[in-house]
Amino acid sequence: MPQDIYDKIMMVAKRRGFIYPSFEIYGGIAGFYDYGPLGSQLKNNVENLWRRFYLLQDNCVEISTPTITLYEVLKASGHVEEFTDLTVDCSRCKRSYKVEDIIEKGTPIEEAVKENKILCPTCKTTLQDAHPVNLMFSTTIGIGEGRKAFLRPETAQGIFTNFHLLYQYRRKNLPFGVVQIGRGYRNEISPRQGTLRQREFSMAEAEVFFDPQDKTHPLFDTIKEKQLFLFDNEKEMKVSVADAVKNKIINNQALAYYVYLTQEFLLTAGVDPKKFRFRKHAANELAHYATECWDAELYSERFGWVECVGIADRSAYDLNAHIESSSVDMYAIRPFEQPKEVLMKKVVPKMNMLGPRFGGKAGKIKEQLDQMDAATIKKVTVTIDGEILEVPKDCYDIVEVREKQTGEKFVPHVIEPSYGIDRVLYFILEHNYVEEKKKDEEYTILKLNPKVAPIKTGVFPLINDENLIRIAKKLDTDLRAAGISTFYDESGTIGRRYARMDEVGTPFCITVDHDSLNDTQVTVRHRDTTKQERIKIQDILPYMRDKISL
RNA sequence: GCGGGUAUGAUCUAGUGGUUAUGAUAUUAGCUUCCCAAGCUAGUCACACGGGUUCGAAUCCCGUUACCCGCACCA
């Protein structure tokens with residue numbers, strides 16, 4: 001017997017083609033799910049609704065980058081360090097350690113684990129239960145040695161590694177946002193909770209770049225009076241966006257704006273407002289890149305409050321990391337109101353001295369010397385391939401120059417709303433799943449918002465009559481040609497056909513009956529009220545468009 | 001990863017160490033002039049996988065996988 005709402009939803013989801021476990025014919029594997037026909041369509045609709053909010057309303061741009069991501073990228077971003085360690089916990093000291101940090105040098109990790117050679121560095125207790133802290137999926141690009149790579153654990157890095165190009169594309173104006181919708185991969189130790197923790201999942205992320213001195217948002221004034229549902233780990237509260245910022249509940253306008261945008265998106269997509277809140281991360285649960293983070297949490301009758309969206313202030317963490325690691329100029333310019341003339345001391349390399357002395361490294365040394373500000377340095381050193389070299393005085397001149405400066409360089413800060421699409425989809429199902437009794441029979445309705453419903457309307461001939469079928473089929477074809485998804489059905493009784501549509505969340509059903517032959521009207525039946533209205537066939541198209549447009 | 005439980009058509013489920021393995025829903029074909037899962041007739045589809053015990057296993061045992069519940073984990 002189905003136990004609770006989750007079981008019931010997963011039953012319907014499988015039977016009707018929303019979502020179900022992958023590879024079942026080979027025994028299945030935890031953490032992977034297939035979206036069936038209706039699930040895929042629902043997902044597309046939700047993603048397109050999301051695009052409406054971020055691409056149109058917030059004027060972000062969308063890009064698409066590979067899911068296979070070079071080792072260097074994730075090394076720089078900190079994910080390699082944070083993802084791949086075998087860890088032990090000391091219950092006495094309440095601390096976690098990386099196994100490789102605390103075992104005797106030279107001991108293989110496997111051996112240390114097997115023979116209980118792991119001691120707590122603080123209290124000397126023997127530690128057990130070594131466990132890997134989440135892993136990324138690793139792979140190799142090319143044959144032979146190839147290059148190391150991972151399946152990306154987030155889409156964000158693809159955006160950061162594009163920053164300098166996108167900054168040009170947006171003609172060096174801040175703030176601007178870049179979004180990406182795509183798959184991410186995390187090799188969870190033990191995925192549980194059904195579709196809420198998958199190993200391959202879809203996310204929609206926006207990286208919005210701000211001048212750290214100006215974390216305001218151009219549209220802030222338009223939404224500042226709106227109410228937010230916030231939870232600071234102690235009490236839930238309803239406050240206006242403006243007050244949340246003024247009282248420093250949320251650190252800045254930009255972050256608050258995206259908290260609100262997220263709320264607006266989720267409620268439009270069909271999340272139950274009573275099962276929704278924002279929770280602020282405590283300092284000790286922040287990700288390695290975040291300075292402040294608000295989660296949109298949705299309430300599940302089975303799983304409790306579940307994080308579905310994280311809105312993080314990543315500060316300059318990622319861009320700094322990539323600037324340092326790749327040496328690519330990913331700075332933004334803050335223009336001065338008036339261009340300044342500045343007296344600068346520049347280091348001018350003498351290549352005729354550098355060349356003979358440093359050989360092939362001379363070129364790289366020149367590059368670094370060109371960047372130096374001689375006013376602030378005493379000894380001239382450069383770092384080439386990890387080696388620190390001192391450059392003797394006779395290899396350069398220090399020259400005073402007047403330089404015109406139009407602005408100053410800085411590393412932008414990033415506000416990142418990051419959505420777990422699969423989680424949002426699950427909650428759209430759970431929050432809209434309604435059971436009613438009809439003649440003592442259990443009757444289920446999926447009250448999906450028409451904007452996201454996979455099928456917009458059923459099209460039926462009332463009875464099996466050639467004349468009605470002809471009209472119904474034409475109407476069905478016309479609707480689909482106009483971009484409105486339909487489901488044509490002439491089997492079984494009319495009630496049964498309505499029921500089938502109700503179960504998969506189809507908001508409307510159009511029925512052609514005998515009267516239609518004379519008055520060219522059809523019946524539009526509404527899912528949630530079962531009310532019916534007569535509409536002219538020629539008016540059906542605009543009528544539907546009006547109801548379902550995003 | 002540890003402990004406990006579960007596994008029968010698309011879905012839910014009955015089942016005893018012994019012939020062609022229940023029933024319902026769904027679905028297919030037909031009949032039915034049909035606006036809220038009506039009825040009738042006929043049909044399709046199942047014992048998770050791999051070993052073992054046994055004359056004989058869907059049933060008992062072991063392993064694997066998946067799912068569920070706790071613990072840990074969720075950067």
Side-chain angles (χ1 to χ4, degrees), chain A residues 1-4 6-8 10-17 20-32 36 74 77-89 91 96 113 128-136 153-154 186-194 196-199 201 281 284-290 293 295 302-303 306-307 310 312 420 423 436-445 458 460-465 467-468 490-503 509-515 522-527 529-532 534:
Chain A
M1 281 296 286
Q3 295 299 305
D4 63 6
Y6 174 82
D7 289 322
K8 290 177 184 172
M10 292 315 278
M11 255 169 63
V12 173
K14 187 171 185 182
R15 190 160 41 81
R16 301 306 304 270
Y20 38 81
S22 301
F23 314 124
E24 268 201 318
I25 64 166
Y26 291 109
I29 176 76
F32 294 90
L74 294 159
S77 68
H79 287 84
V80 172
E81 297 297 320
E82 299 292 329
F83 265 68
T84 53
D85 301 302
L86 202 62
T87 306
V88 286
D89 306 314
S91 52
S96 293
V113 172
Q128 284 170 336
D129 299 329
H131 50 273
V133 167
N134 285 329
L135 301 164
M136 292 187 285
E154 57 174 15
R186 298 178 190 183
N187 201 354
E188 300 280 355
I189 300 165
S190 65
R192 291 277 185 84
Q193 303 180 323
L196 297 182
R197 254 180 94 193
Q198 299 184 42
R199 286 176 164 138
F201 51 97
H281 275 207
N284 62 2
E285 60 178 319
L286 286 169
H288 65 275
Y289 47 71
C293 185
D295 282 346
R302 174 181 286 201
F303 301 113
V306 177
E307 163 201 351
R423 290 187 174 185
E436 288 174 3
K437 288 267 182 210
K438 269 198 181 179
K439 293 184 191 160
D440 283 338
E441 238 190 307
E442 208 155 82
Y443 192 94
T444 65
I445 307 176
F460 315 141
L462 181 62
I463 61 162
N464 216 336
D465 178 309
N467 294 314
L468 304 190
E490 58 184 55
S491 76
T493 63
I494 191 71
R496 178 173 300 216
R497 285 177 266 167
Y498 286 153
R500 271 198 283 256
M501 290 290 95
D502 285 346
E503 190 180 42
C509 291
I510 302 171
T511 302
V512 179
D513 59 23
H514 294 106
D515 295 339
V522 289
T523 306
V524 174
R525 178 259 194 191
H526 295 250
R527 175 193 64 204
T529 58
T530 75
K531 292 239 168 63
Q532 305 188 347
R534 295 289 283 180

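Chain A is the first sequence line, chain B the second, and so forth, proteins listed ahead of strands; every chain is numbered from 1. Keep in mind that the numbers below use all heavy atoms, side chains included, and drop hydrogens, waters and symmetry copies. For clarity, every value in this text was computed on a predicted model and none was experimentally measured.
Ionic pairing of A:E154 and A:R186 is not present here: no N-O contact between side-chain nitrogen and carboxylate oxygen is shorter than 4.0 angstrom. Taking the charged nitrogens against the carboxylate oxygens, A:R527 and A:E503 have no contact shorter than 4.0 Å, which rules out a salt bridge.
One interatomic measurement links the two molecules: CD of A:E503 to C1' of B:U11, which rounds to 10 Å at whole-angstrom precision. Remark: P of B:A75 and CZ of A:R186 are 7 Å apart, rounded to the nearest angstrom. Going from atom CD of A:E436 over to atom P of B:A37 covers 13 Å, rounded to whole Å. In this structure, CG of A:D502 is placed 10 Å from P of B:A37, rounded to the nearest angstrom. The distance from atom CZ of A:F201 to atom C1' of B:C74 is 11 Å, rounded to the nearest whole Å. Taking atom CG of residue A:N187 and atom C1' of nucleotide B:G1, one finds them 13 Å apart after rounding to whole Å. Residue A:K8 contributes atom NZ, which lies 18 Å from atom P of B:A26 at whole-angstrom precision. Rounded to whole Å, atom P of B:C35 lies 14 Å from atom CZ of A:F460.
For B:C35, the base has a donor-acceptor partner in the side chain of A:Y498 [N/O atoms by modelled type, under 3.5 angstrom].
Spacing between B:G23 and B:C45 at atom C1', rounded to whole Å, works out to 15 Å. Taking atom C1' in both B:G3 and B:A37, the straight-line distance is 44 Å, to the nearest Å. On the C1' atoms, B:C60 is 33 Å away from B:U44, given to the nearest whole Å. Distance noted for atom C1' between B:C71 and B:A14: 35 Å (whole Å). The gap from the P atom of B:A26 to that of B:G39 amounts to 9 Å, rounded to the nearest Å. Across the C1' atoms, B:U64 and B:A72 are found 23 Å apart, a figure rounded to whole Å. B:U41 and B:U25 have their P atoms separated by 12 Å, given to the nearest Å. When the P atom is used for both B:C61 and B:U20, the distance is 25 Å, rounded to whole Å.
Contacts of A:E307 with the nucleic acid, taken as non-hydrogen atoms under 4.0 Å apart, are absent.
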Report, one pair per line, the protein and nucleotides 27-34 of chain B atoms (nitrogen or oxygen only) whose separation is under 3.5 Å.
| from | atom 1 | to | atom 2 | distance (Å) |
| --- | --- | --- | --- | --- |
| B:U27 | OP1 | A:R500 | NH1 | 2.1 |
| B:C34 | O2 | A:I494 | N | 3.2 |

Pairs under 3.5 angstrom, nitrogen or oxygen only, protein versus nucleotides 66-71 of chain B, please.
| from | atom 1 | to | atom 2 | distance (Å) |
| --- | --- | --- | --- | --- |
| B:A66 | O4' | A:G27 | O | 3.3 |
| B:C68 | O3' | A:R302 | NH1 | 3.0 |
| B:C69 | OP1 | A:R302 | NH1 | 3.2 |
| B:C69 | N4 | A:R192 | NH2 | 3.2 |
| B:G70 | O6 | A:R192 | NH2 | 2.7 |

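In this structure A:F201 satisfies the ring pair (Phe, Tyr, Trp, His ring centres under 6.0 Å) test with no other residue, sequence neighbours excluded. Remark: A:Y20 engages no residue in a side chain to side chain donor-acceptor pair (under 3.5 Å) (not counting sequence neighbours). Partners of A:R534 by side chain to side chain donor-acceptor pair (under 3.5 Å), not counting sequence neighbours, listed by chain and number: A:D513, A:D519, A:T523. Not a single ring pair (Phe, Tyr, Trp, His ring centres under 6.0 Å) links A:H514 to another residue, sequence neighbours left out. With sequence neighbours left out, the side chain to side chain donor-acceptor pair (under 3.5 Å) criterion links A:R500 to A:D489, A:S491. In this structure A:R199 satisfies the salt bridge (charged side-chain N to carboxylate O under 4.0 Å, His left out) test with no other residue, sequence neighbours excluded. The side chain to side chain donor-acceptor pair (under 3.5 Å) check on A:N467 picks up A:R470, with sequence neighbours excluded.
Base pairing analysis places B:C49 opposite B:G63; the two distances defining the Watson-Crick or G-U wobble pair are each below 3.5 Å. In this structure, B:A42 and B:U28 make a Watson-Crick or G-U wobble pair, each of the two defining distances being under 3.5 angstrom. Nucleotide B:G17: unpaired (no Watson-Crick or G-U wobble partner with both distances less than 3.5 Å). B:U22: no Watson-Crick or G-U partner with both key distances under 3.5 Å is found in any strand. Across all strands shown, B:G3 forms a Watson-Crick or G-U wobble pair with B:C69, both key distances being under 3.5 Å.
When the nearest nucleotides of RNA chain B are assigned to A:R15 and A:R534 by heavy-atom distance, the more 5′-ward of the two goes with A:R15. When the nearest nucleotides of RNA chain B are assigned to A:Y26 and A:Q532 by heavy-atom distance, the more 5′-ward of the two goes with A:Q532.
Of the side-chain N and O atoms in A:K14, none sit less than 4.0 angstrom from OP1 or OP2 of B:A10.
A side-chain donor-acceptor contact under 3.5 Å links A:Y498 and A:T511.
Taking the side chain as every heavy atom from C-beta outward, A:Y6 and A:M11 never approach each other to under 4.5 Å.
Listed candidates were B:C12, B:C73, B:C36. Nearest to the side chain of A:R197 is B:C73.
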